[in-house]
Novice: 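Pasting a structure below so you can have a look.
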Amino acid sequence: MEYNFKEIESRWQKKWKEDETYRVNIDKKKPKFYVLDMFPYPSGAGLHVGHPLGYIASDIYSRFKRLHGFNVLHPMGYDSFGLPAEQYAIQTGQHPAKTTEQNINHYREQLDKIGFCYDWSREVRTCDPKYYKWTQWAFLKMFASYYDNQKNCARPIDELVAHFKEKGTNGVDAACTTQMNFTAEQWNSFSKERQEKILHNYRLAFKADTMVNWCPKLGTVLANDEVKDGLSVRGGFPVEQKRMKQWLLRVTAYAQRMLDGLEQLQWSESLKEIQRNWIGRSVGAQVFFDVEMADHSTRKLEIFTTRPDTIFGVTFMVIAPEHKWIHELTTNEQREEVEKYIEQTKKRSERERLSETKRVSGVFTGAYATNPFTGKKIPVYASDYVLIGYGTGAIMAVPAHDSRDYAFARHFSLEIVPVVEGGNLEESSYDAKEGKMINSGFLTGKDVQQAIKEMFAEVERRGLGKQLVNYRLRDAIFSRQRYWGEPFPIRYDGEIAVPMDEKNLPLELPEVSEFKPTQNGEPPLARVEGWKYETSTMPGFAGSSAYFLRYMDPSNEDCLVGKEANQYWRNVDLYIGGIEHATGHLMYSRFWNMFLYDLGYVCENEPFRKLVNQGMIQGRSNFVYRVVGTNKFVSLGLKSQYETQEIHVDVNIVKNDILNTEAFRKWRPEFENAEFILENGQYICGWAIEKMSKSMYNVVNPDYIVNEYGADTLRMYEMFLGPLEQSKPWDTNGIDGVHKFIRRFWRLFYGKTGEWAVNDERATDAELKILHKTIKKVGEDIENFSFNTSVAAFMICINTLGECHKREILEPLCIILSPYIPHVCEEVWHAMGHEDSICDAKFPLYNEKYLQEDSFEYPVMVNGKLRFKQTYPLNASVKDIEQDIVLKPEAQRWLEGAAPKKIIIVPKKIINIVK
RNA sequence: GCCCAGGUGGCGGAAUCGGUAGACGCGCUGGUCUCAAACACCAGUAGGUUCACCCCUGUGCCGGUUCGACCCCGGCCCUGGGUACCA
């Protein structure tokens with residue numbers, strides 16, 4: 001029988017579906033293992049070969065774990081709310097629900113062809129009301145919660161209200177936007193509106209007036225991780241800063257816990273580092289400086305510094321142009337100039353600010369502060385190098401030891417006083433945190449690190465401020481002025497946000513007449529007549545923040561996830577996906593999960609135990625070279641003889657860089673009469689590694705590979721391409737090698753003639769040796785995610801076995817190969833007489849006995865150089881070997897240096913010296 | 001600027017513990033089969049020198065430790081990623 005992958009693959013895919021081979025249920029007799037892929041956003045372009053890379057790896061790992069007796073949860077779904085479907089809807093008028101549905105069907109078709117072992121009965125779609133009911137539910141819970149810093153967890157907001165009624169803010173230590181102070185009497189006398197407004201300062205989902213990233217082109221606000229270099233990540237449109245009232249999630253309350261939690265996780269160091277930087281913890285001092293206002297009253301200006309040791313060197317202060325005191329600080333003489341500066345900075349977009357970071361600008365406010373340690377009067381400036389969003393929006397400037405303050409001082413000719421020894425202040429500031437203190441009163445002569453400690457204490461002793469931790473992390477902006485997202489289950493009673501009763505969830509997304517914003521710039525939901533709810537919708541990350549929990553219990557109508565299911569499946573053991581979600585999804589879902597953990601709805605604090613980032617697959621573009629002004633195309637090797645123009649050619653009509661000239665003529669009408677200047681009868685194309693994109697004609701569709709070579713070849717080849725975590729170009733040049741391997745494997749069962757060839761003869765020691773070596777190597781490689789080297793091990797195994805048709809060898813080989821090439825293995829497994837699916841076989845154990853060598857190689861001197869060439873039987877003594885060594889000086893040194901007391905003979909590594 | 005990861009043949013990449021560098025695959029060269037081609041199979045393939053054996057050089061660069069270094073240490077160069085007037 002010939003290896004007919006088309007017939008085999010479609011037959012088994014159908015059978016697996018009918019038998020529900022991959023359906024999984026709670027089974028307390030077996031240990032659980034949860035393997036998850038980041039679910040895809042179903043875009044109109046369909047899957048390309050980059051998508052399945054991670055899916056194939058997780059599929060292999062899932063099958064591998066199942067063969068080891070684990071009850072493996074391996075689900076898949078769709079992140080189906082989002083901008084592209086809506087942009088498309090605006091352009092074409094097609095309902096996003098419709099295009100999303102079409103795209104999902106297309107994705108499913110493509111996924112099915114690759115033979116994944118997903119339990120599709122657990123599929124979730126974030127745009128399905130049955131699913132987003134629980135997104136809305138979690139939002140309501142956040143709305144009804146605050147964060148208690150003492151207990152270090154989220155608590156019902158009712159507890160806080162009760163506390164306010166009795167004691168006011170006295171004894172409250174809660175995460176909030178601004179510190180508040182009021183008594184119980186005051187609280188009880190406040191109007192309902194005022195009380196509600198105060199509570200928003202504490203709620204974990206709250207509404208606030210904040211600076212947001214506004215994208216006019218998309219007509220919506222965006223979260224920080226959705227903006228890069230002043231442009232929207234989706235679409236690449238300019239983003240500006242704007243003050244707006246928005247829903248936010250208080251993720252900052254969890255900053256420290258998210259930071260600490262990283263320690264326990266098996267994530268790559270680089271990914272943890274990205275999250276650490278994003279959280280951006282810095283320990284410093286809050287210090288109040290006396291400042292004289294324009295009306296001659298004195299106020300205390302709060303700043304944050306990580307260098308309290310340098311306070312003696314503070315010669316001026318700077319506040320952000322958006323600082324709330326700026327008008328009260330500015331003197332009449334300076335008013336005009338300051339107003340002008342404020343206007344200027346407002347106009348400068350975020351992008352300009354980023355691109356002109358070296359430019360120094362600012363203005364004197366006319367106000368003076370007092371340096372609490374030197375007692376000197378120091379001027380207060382306003383400048384946009386101080387950001388309103390970080391710290392307090394005001395700084396103490398130490399030009400001698402901060403490069404930005406230095407540049408500013410130079411520009412405005414301000415005093416520069418060195419307080420740490422070192423550097424050359426004529427050229428630049430000395431920023432390093434090492435050296436001896438000078439000009440610093442009681443700190444003079446001390447080491448910088450020591451001075452920092454003493455200054456913290458001194459600041460607190462004098463009541464000037466205290467030690468404080470600051471985070472770079474911002475609260476997440478949670479509303480989008482868009483249609484295709486989860487509606488907020490919130491209606492308004494005047495200004496007061498009233499949550500919907502959770503019993504009435506979901507609040508379904510209504511139909512709208514148009515998907516565009518309204519005339520006066522309101523979100524599309526404002527078009528709906530009688531819609532009394534919030535008109536913005538939730539952002540893309542809302543639906544993906546808890547989907548991994550829903551898979552555990554996808555059809556439960558009473559809760560997000562039932563207790564029993566959650567207790568059994570707990571959290572994700574292995575999560576595979578792209579690194580691009582480091583500061584978005586992977587932050588939000590940790591926050592979301594921790595919140596649900598605090599409230600007792602889930603039993604694990606961290607959602608993803610181990611995480612692997614698969615690399616990006618880049619495209620390998622091909623070029624043809626047109627002789628300028630003609631319709632002649634010259635092969636790569638001869639192009640230097642002509643003046644040519646490089647043209648991208650569809651990689652699907654190129655094989656091993658050789659152009660299919662017939663297909664090229666048919667590719668586009670203008671090439672119909674193309675002529676070719678060949679070398680050795682072939683047209684050789686040029687190539688380059690670029691991003692995989694439609695416009696470069698380098699997109700390779702997995703369907704194409706599946707048709708040409710079969711799913712098994714695609715699966716194995718994607719793994720053979722290189723290390724999983726590394727970005728690499730898609731290159732079909734090597735695919736024949738893998739396909740050849742599978743055909744060779746097939747021939748072990750069906751022989752050269754195609755007749756069934758498996759027999760019951762006993763295997764030889766040599767055969768068993770190669771089998772057991774392979775079992776060991778492959779098992780270890782899959783555990784370590786070294787899929788590429790395990791494929792190599794399979795190839796060596798088949799090459800070494802030669803014509804071996806023995807069942808004793810082939811059965812275990814079939815099992816260990818089945819995670820990679822499930823269709824072929826299932827086929828021959830059944831041909832060997834097995835009834836059950838190979839998925840339920842047992843992964844064979846290797847036997848140490850067969851791994852030992854019967855001889856070993858020992859270093860021998862040849863012409864004065866050490867060589868590892870002489871082979872000895874296993875039982876050779878050290879003396880035997882030493883007699884053979886030509887004792888040249890190098891060999892002597894080798895023996896002396898190694899000072900062997902005992903030489904242990906290890907088969908693989910030849911020798912191992914024990915001192 | 002700071003932080004992280006990496007640099008090995010014509011190409012993708014191996015070398016899991018400091019012990020024969022280049023596994024495995026692609027490509028290329030030669031051969032077998034064939035009227036011929038394709039497929040398949042066999043052999044060779046880091047570079048230099050050589051008929052060949054030998055020998056010499058070789059894991060980004062310079063230096064160090066060691067009997068021995070792709071691997072450890074110090075300094076530099078380059079590539080990729082993250083982040084940024086973050087006080």
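Numbers restart at 1 for each chain; the letters A, B, ... are given by sequence-line order, proteins then strands.
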Novice: Could you check which nucleotide pairs with C72(B) in any of the strands shown, counting Watson-Crick or G-U wobble with both distances under 3.5 Å?
Specialist: G64(B)
Novice: Rounding to an integer number of angstrom, what distance separates C55(B) and G60(B) when you compare their C1' atoms?
Specialist: 27 Å
Novice: Whole angstroms only, please: what is the OH-C1' distance between Tyr471(A) and A84(B)?
Specialist: 20 Å
Novice: Leu721(A) near the nucleic acid: base, sugar-phosphate alone, or nothing, with a heavy-atom cut-off under 4.0 Å?
Specialist: sugar-phosphate
Novice: Name the closest nucleotide to the Val386(A) side chain, picking from A23(B), A87(B), G12(B).
Specialist: A87(B)
Novice: Using the C1' atom as the reference point in each nucleotide, state the distance between G30(B) and U79(B) in Å, no decimals.
Specialist: 38 Å
Novice: Applying a 3.5 Å limit to both distances, which nucleotide forms a Watson-Crick or G-U wobble pair with U57(B)?
Specialist: A46(B)
Novice: Which nucleotide in the set C41(B), G82(B), A14(B) lies at the smallest distance from any side-chain heavy atom of Asn788(A)?
Specialist: A14(B)
Novice: Rounded to whole Å, how long is the line connecting atom NE2 of His581(A) with atom C1' of G82(B)?
Specialist: 16 Å
Novice: Strictly by Watson-Crick or wobble contacts shorter than 3.5 Å, is anything paired with C17(B), and which nucleotide is it?
Specialist: none
Novice: Taking the nucleotide of RNA chain B with the closest heavy atom to each, which residue, Gly737(A) or Glu273(A), is nearer the 5' end?
Specialist: Glu273(A)
Novice: Tell me, do Phe5(A) and Asp712(A) make a side-chain contact under 4.5 Å, heavy atoms counted?
Specialist: no
Novice: Please tell me which of the listed nucleotides, A87(B), A40(B), C24(B), lies nearest to the side chain of Leu387(A)?
Specialist: A87(B)
Novice: Can you tell me whether the base of C17(B) sits syn or anti, using the 90° cut around 0 to define syn?
Specialist: syn
Novice: Out of G13(B), A23(B), A40(B), which has the shortest distance to the side chain of Pro723(A)?
Specialist: G13(B)
Novice: Quick one: sort the Tyr3(A) and Trp746(A) rings into parallel, tilted or perpendicular, breaks at 30° and 60°.
Specialist: tilted
Novice: For the residue pair Ser429(A) and Asp431(A), confirm or rule out a side-chain donor-acceptor distance under 3.5 Å.
Specialist: yes
Novice: Once you apply the 3.5 Å cut-off to both distances, tell me the Watson-Crick or G-U wobble partner of C85(B), or none.
Specialist: none
Novice: So, does Ser790(A) use its side chain to make a donor-acceptor pair with the main chain of Ile782(A) at under 3.5 Å?
Specialist: no
Novice: By nearest nucleotide on RNA chain B, pick out whichever of Leu271(A) and Trp278(A) is the more 5' one.
Specialist: Leu271(A)
Novice: Could you work out which one of C4(B), U83(B), A87(B) sits closest to the side chain of Thr583(A)?
Specialist: U83(B)
Novice: Looking at the side chain of Arg404(A), which of G82(B), C86(B), U83(B) is the nearest nucleotide?
Specialist: C86(B)
Novice: Determine yes or no for a side-chain-to-main-chain donor-acceptor pair under 3.5 angstrom, with Asp309(A) supplying the side chain and Val448(A) the backbone.
Specialist: no
Novice: Run the side-chain hydrogen bond (donor to acceptor under 3.5 Å, both in side chains) test on Glu2(A) and Tyr750(A) for me, step by step, so that the C-alpha distance in whole Å, both residues' side-chain angles and the decisive distance to 0.1 Å come before the verdict.
Specialist: CA-CA 8 Å; Glu2(A) 264 299 292; Tyr750(A) 288 97; over 6 Å; no
Novice: Look through every strand shown and name the nucleotide pairing with A40(B) as Watson-Crick or G-U wobble, where both distances are under 3.5 Å.
Specialist: U32(B)
Novice: Round to a whole Å and report the spacing from CZ of Phe304(A) to C1' of C85(B).
Specialist: 16 Å
Novice: For the pair made of CZ in Arg307(A) and P in A87(B), what is the distance, rounded to whole Å?
Specialist: 11 Å
Novice: Verify the contact: side-chain N or O of Asn470(A) to OP1 or OP2 of C86(B), cut-off strictly under 4.0 Å; return yes or no.
Specialist: no
Novice: Do the side-chain N or O atoms of Lys740(A) get closer than 4.0 angstrom to the phosphate oxygens (OP1, OP2) of C26(B)?
Specialist: yes
Novice: Within the pair Asn799(A) and G25(B), is there a side-chain N or O less than 4.0 Å away from OP1 or OP2?
Specialist: yes
Novice: Are Arg472(A) and A84(B) close enough that a side-chain N or O sits under 4.0 Å from OP1 or OP2?
Specialist: yes
Novice: Rounding to an integer number of angstrom, what distance separates C56(B) and C41(B) when you compare their C1' atoms?
Specialist: 37 Å
Novice: Rounded to whole angstrom units, what separation is found between the CG atom of Asn277(A) and the P atom of C4(B)?
Specialist: 9 Å
Novice: In whole angstrom, what separates Phe741(A)'s CZ from C41(B)'s P?
Specialist: 13 Å
Novice: Please name the nucleotide paired to G25(B) by Watson-Crick or G-U wobble geometry with both distances under 3.5 Å, or report none.
Specialist: C11(B)
Novice: Quick check for you: among G13(B), A14(B), A87(B), whose closest atom lies nearest to any side-chain atom of Thr789(A)?
Specialist: A14(B)
Novice: Please measure how far the C1' atom in G80(B) lies from the corresponding atom in G74(B), and state the result in whole Å.
Specialist: 25 Å
Novice: With C1' as the reference atom in both, quote the distance from U20(B) to G25(B) in angstrom, rounded to an integer.
Specialist: 22 Å
Novice: Reckon Arg747(A) has a side-chain N or O less than 4.0 Å from the OP1 or OP2 of C41(B)?
Specialist: yes
Novice: Under a 4.0 Å threshold between the charged nitrogen and the carboxylate oxygen, would Arg276(A) count as salt-bridged to Glu263(A)?
Specialist: yes
Novice: What's the closest nucleotide to the side chain of Phe720(A) if the choices are A14(B), A23(B), G25(B)?
Specialist: G25(B)
Novice: Based on the glycosidic angle (syn within 90° of 0, else anti), state the conformation of G74(B).
Specialist: anti
Novice: Write down the partner of G80(B) under the Watson-Crick or G-U wobble criteria, each distance required to be under 3.5 Å.
Specialist: C4(B)
Novice: Could you tell me whether the phosphate oxygens of C41(B), OP1 or OP2, come under 4.0 Å of any side-chain nitrogen or oxygen in Arg744(A)?
Specialist: yes
Novice: In whole angstrom, what separates Glu322(A)'s CD from C86(B)'s C1'?
Specialist: 15 Å
Novice: Taking the P atom of each, how far is C28(B) from G64(B), in whole Å?
Specialist: 44 Å
Novice: For U57(B) versus A21(B), give the span between their C1' atoms, rounded off to a whole number of Å.
Specialist: 14 Å
Novice: Taking CG from Asp402(A) and C1' from A84(B), how many angstroms apart are they, rounded to a whole number?
Specialist: 13 Å
Novice: For C86(B), take OP1 and OP2 only and decide whether either is under 4.0 Å from a side-chain N or O of Arg474(A).
Specialist: no
Novice: Please state the P separation for the pair C24(B) and A46(B) - nearest whole angstrom.
Specialist: 12 Å
Novice: Is it true that Phe794(A) and Tyr820(A) have ring centroids separated by less than 6.0 Å?
Specialist: yes
Novice: Give the intermediate values and the outcome of ring-ring contact (aromatic ring centres under 6.0 Å, His included) for residues Phe785(A) and Tyr61(A).
Specialist: CA-CA 8 Å; Phe785(A) 294 87; Tyr61(A) 200 78; 5.0 Å; yes
Novice: Would you mind telling me which of A23(B), G13(B), A87(B) lies closest to the side-chain atoms of Gln726(A)?
Specialist: G13(B)
Novice: Starting the side chain at C-beta, find the nucleotide from C86(B), A23(B), C4(B) nearest to Ile796(A).
Specialist: A23(B)
